Amino acid sequence: MIKTLNLKKIYTTEEVETTALDNVNIKIEEGEFVSIMGPSGCGKSTLLNLLGLLDNPSSGEYYFLEQEVANFSERQRAKLRKENIGFVFQSFNLIDELTVFENVELPLLYLGYSSSERKTRVNEVLEQMEIMHRRNHFPQQLSGGQQQRVAVSRAIVSKPKLILADEPTGNLDSSHGDEVMNLLEELNKAGTTVVMVTHSPTYAEYGDRVIHLFDGHIVTENYKGGFRV
Amino acid sequence: MLKNYFITAYRNLLRNKTYAFINIFGLGFSVGAVILVLLYIRFEFSYDNFHKDGDRIYRISVESFREGNLEYESYTFTPPIGIDLKQEFPEVENYTRHSVNKVFYFNNNDRPIRIGGVIYADSTFLDFFTFDLISGNKTKSLINPNEIVLTEYAAKKLFGKIDVLGKTLHAENGKEYLITGVVKNPPANSTIQFNALISFSTLYANPRYSMGWNGGNQYITYVKLKKNVNPIVLQSKFSGFMWEHINKDLSQYNVKYEAYLQPLKDIHLVYGKSGLTNIYFFSIIGALILLIASFNFINLTTSQYTKRAKEIAVRKVIGADRKSIAFQFLFETMLIAFAALLVGIFLAKLFTPIYRNLMQTNFYEIDLLDPAQLAGLIALLLSVGLIAGSYPSFYLSSVKVTDAFKNNQLLGHKRFSFQSVLILFQFVVSVSLIIITLFVNEQLSFIKNKELGFDKENIILLSLQNENARKHTEIIKERLKTIPGVISVSASSAAPSNGFTSNGYFPEGFSTPVTINALDVDEDFFKTYKIKLIEGKNFSKELSTDDDAYIVNEALVKQFGWKNPIGKTITRDGKHLIIGVVKDFNFASLHKNISPLIITNKPWGGEYNLISLKVKTSDYNALLGKIENAWKEINPQQPFEYGFLDWKFEQVYTAENNLMKLFLYFSILAIVIAALGLFSLSSLSVEQRTKEIGIRKVLGASLTNLAVLSSKKYIVLVVIANVIAFPISYYLVNKWLQNYAYKIDINLWVFIFSGGIALTIALVTVSFQAVKKALANPIDSLRSE
């Protein structure tokens with residue numbers, strides 16, 4: 001599903017040039033659950049942004065669904081994103097002005113679903129995430145765990161092939177954290193590919209594979225079945 | 001999707017009420033101002049467009065040349081020009097004429113009723129133009145002498161009803177007029193305004209009126225050309241025509257008239273008083289006000305970036321492309337513009353009477369059922385939306401997801417230059433408007449208080465409008481002189497204020513006539529007006545030779561280079577001896593220098609038009625009561641109407657006074673909108689710097705330090721705006737002052753004062769939020785981060 005070759009990302013400001021990712025080669029198969037770990041500033045979120053087509057690499061190749069996308073325009077990337085990728089963030093990133101229902105409905109609006117299709121699909125997902133009773137509430141009226149469940153609902157409502165989760169448990173207490181991880185695990189079991197950045201070794205273990213990043217490089221890849229340097 | 005955009009916009013506005021209020025009302029006020037300007041412009045362009053065949057109707061105007069130089073241009077001319085044009089040019093389908101406005105007194109139950117705006121009109125008039133006839137016959141109503149067609153207004157005033165066909169009207173001069181028609185009042189957008197039409201043949205029946213080519217220049221002639229006639233080609237043939245009829249006789253004086261055609265539809269705007277200038281002027285002001293408000297919108301919306309960045313990023317993450325984000329924000333702007341439009345419509349409706357009064361036109365009311373107006377409002381909505389919304393939607397849609405998530409304020413600082421340019425523009429306009437308003441005000445008060453060479457205070461004017469009054473002027477004068485409080489009484493042809501009539505004269509040593517202003521006065525005039533006689537003597541009742549004598553002003557003596565003017569002669573219908581010279585006085589508006597003036601003791605037709613009373617009293621009501629009683633004793637046929645000379649002067653400068661008021665209103669509007677923008681912008685900036693303010697306060701910064709910190713950027717901008725506005729407004733004020741022969745100096749203090757006002761407003765506005773934040777407990781600022 002995902003393949004990168006010598007992926008590089010350099011941030012340039014007026015005074016300094018920072019290499020956030022340096023020659024990263026990674027391959028993720030469909031249906032995998034991959035955890036990415038590493039200290040702050042090692043390039044985890046940058047890698048996730050590139051994989052999620054939120055940004056273009058400075059150099060290198062990126063194949064998404066067998067397609068070279070490294071030099072795609074914003075418009076092409078937007079199209080691929082909305083059709084194939086769901087995102088879950090540490091800070092939930094729900095739109096404050098929209099209700100739970102409206103937040104979850106948003107990806108379907110951009111995909112051009114009809115009103116009745118949207119209603120059915122959103123209700124299904126809210127039921128699945130056990131947040132249906134809060135459908136008319138605004139994000140500020142929910143607890144952190146509930147907000148993350150809404151965020152996950154929004155990520156999966158369009159049935160994406162890939163879910164990218166950037167520290168999805170970072171703002172949650174352990175019980176809510178566990179709840180979110182169980183959700184991701186279930187989704188993965190149902191066939192969705194999951195790539196997750198996390199600081200927690202426990203939650204990283206949910207993955208089939210744990211990739212360790214340091215200073216923009218992959219230093220280790222730890223498979224459930226073995227260890228490889 | 002639109003529903004989603006609408007919900008987001010609505011909830012965002014509710015959440016940021018101050019921002020929403022400033023945006024909607026800032027735009028609303030400017031939209032209101034623009035609506036008024038547009039209604040006014042539309043009305044101006046609609047003048048005379050209701051006449052059938054209007055595109056084939058032309059007014060004849062005449063240019064008068066002396067020794068090859070253009071002397072004046074006038075659309076009033078002698079009566080036969082229309083008749084002869086029709087006779088000699090097959091291109092002319094028909095013509096019609098009417099006189100200038102007259103005032104009549106008609107008796108109704110022995111009570112005189114004044115009807116102004118009475119014109120003598122040809123029998124073709126009603127068929128030629130499109131004025132709606134209520135009763136009577138278009139082609140037969142004005143054929144015979146002494147026939148009259150009344151407007152609804154006049155009929156109601158005289159009889160209290162409009163069903164008056166066939167009735168007889170008795171005029172104060174003893175004449176009887178048969179009512180042969182009633183016509184609707186001319187629309188407000190008609191150049192030709194009248195309250196009653198009297199048949200033109202009435203003039204021909206009165207030997208007093210000279211109706212030939214050398215007759216009175218007080219008739220306006222219109223011609224209707226046949227279809228497909230090129231007016232330019234026709235006009236090119238007028239030279240020969242004029243030569244045959246009038247110029248041949250005048251050639252000995254080196255004088256000639258050239259006639260040309262003025263299209264009916266251009267009469268108001270192109271040939272009228274300042275029509276187009278006003279339109280240009282108010283279009284520019286309207287556009288500037290709209291730009292100032294739109295710039296506020298742009299600045300506020302882009303400054304809201306930090307609050308909206310997350311939403312934009314989220315939308316992009318889940319699939320929105322740049323186009324749909326741009327569309328979303330343009331849609332939001334349109335919603336705000338729509339709300340502003342509603343506010344604007346309400347305000348325009350509210351201010352219509354004031355604006356109408358200031359513009360002295362009865363322009364259209366706002367009417368949402370009028371398709372043209374509705375289309376105009378939609379066009380206005382779209383232009384406001386596009387002007388105000390294009391940049392923010394372009395800007396906000398360019399937000400990068402990774403930046404937005406990483407650092408909310410990343411783009412906030414890059415905006416400085418564009419935002420600054422917009423603020424700069426707003427203050428350049430505001431400061432310029434303040435400067436111009438102050439100078440216009442100064443010039444008008446200078447005019448009001450300028451020494452005119454005569455005393456205009458405490459002078460009451462009584463118009464001698466009916467024949468009885470004109471015949472008994474001497475008796476009226478003597479009766480008025482007996483009233484305590486009346487110091488002096490004088491009769492004259494006119495009062496100094498807006499210029500005098502002019503005639504052709506042959507001053508001694510001249511073989512061609514010179515056009516000179518003339519005034520007819522009695523021997524009490526100089527005393528009444530305190531005009532100084534600097535040489536020679538005043539007219540005397542005792543000396544009958546003085547009847548033919550002239551007194552002239554200094555300007556005339558200077559123009560003809562006479563060293564000893566007394567004893568010189570000026571010829572017009574015989575020789576007239578100059579017996580005195582008066583000190584120059586401003587008898588026309590101060591737009592003009594004092595021109596040569598001949599003062600005679602012999603009014604035209606032996607009748608004066610006006611009585612001036614110099615009075616001294618502490619109780620004007622009692623004095624006016626006594627004057628009225630005296631007037632009624634001698635002249636009961638004419639209702640007592642009086643005026644003060646000061647009022648006449650006020651009238652001369654009404655347009656300028658109104659212009660000044662409009663400038664004042666627009667300046668206030670501009671500065672208020674700009675200040676509102678600055679206020680919300682600085683509030684946002686202070687909000688973004690909450691943590692910094694807290695830290696600085698903990699480290700010992702004073703209130704002043706913090707106020708300076710937050711205001712510095714904006715104050716520098718306002719100072720730069722002043723520097724730009726000064727030369728612009730200097731140029732404009734200087735250009736405007738060139739219209740006046742007597743004008744103020746352009747003082748530097750006005751610039752400094754205006755700059756100071758703008759700076760103070762900016763300073764108070766900007767530091768308000770910073771001081772509020774600085775006064776709070778520093779830990780609150782830090783905690784909020």
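Chain A is the first sequence line, chain B the second, and so forth, proteins listed ahead of strands; every chain is numbered from 1. Since the structure is predicted, the reported quantities are computational estimates derived from the model, not experimental observations.
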Next on the checklist: Using the rule given for side chain to side chain contact (heavy atoms under 4.5 Å, CB included), can you reason through A:Asp96 versus B:Glu311, listing the C-alpha separation, both sets of side-chain angles and the distance that settles it, and then say yes or no?
Outcome noted: CA-CA 8 Å; A:Asp96 297 336; B:Glu311 179 201 329; over 6 Å; no
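- Annotation: the span from A:Leu109 atom CG to B:Asn4 atom CG amounts to 5.5 Å, rounded to 0.5 Å.
- The number of heavy atoms from other shown groups lying within 6.0 Å of CZ (A:Phe138) is above 12.
- The shortest non-hydrogen separation linking B:Val317 to A:Phe87 is CG1-CD1, 3.0 Å.
- Interface check for chain B: of the options A:Leu111, A:Leu98, A:Asn103, A:Thr46, the most heavy-atom pairs under 4.5 Å are formed by A:Leu98.
- Annotation: A:Glu117, atom CD; neighbour count of heavy atoms from other residues, nucleotides and ligands within 6.0 Å is above 12.
- Note that CD of A:Glu105 and NZ of B:Lys3 are 7.0 Å apart. Values are rounded to the nearest 0.5 Å.
- With rounding to the nearest 0.5 Å, the separation of CZ in B:Arg315 from CG in A:Asn93 is 13.0 Å.
- Proximity to chain B at a heavy-atom threshold of 4.5 Å picks out A:Glu74, A:Arg75, A:Ala78, A:Arg81, A:Lys82 from residues 58-86 of chain A, in numerical order.
- Within the model, atoms NZ of B:Lys310 and CG of A:Leu94 stand 6.5 Å from one another, a figure rounded to the nearest 0.5 Å.
- Rounding to the nearest 0.5 Å gives a distance of 11.5 Å between CD1 of A:Ile95 and CD1 of B:Ile7.
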Next on the checklist: Could you go through B:Arg11 and A:Thr99, starting from their C-alpha distance and side-chain angles, then the distance that decides it, and tell me whether this counts as side chain to side chain contact (heavy atoms under 4.5 Å, CB included)?
Outcome noted: CA-CA 11 Å; B:Arg11 289 178 188 157; A:Thr99 61; 4.0 Å; yes
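- Looking at B:Ser324, the atoms closer than 4.5 Å to chain A (heavy atoms on both sides) all sit in the side chain, from C-beta outward.
- Annotation: the span from B:Arg15 atom CZ to A:Glu97 atom CD amounts to 4.0 Å, rounded to 0.5 Å.
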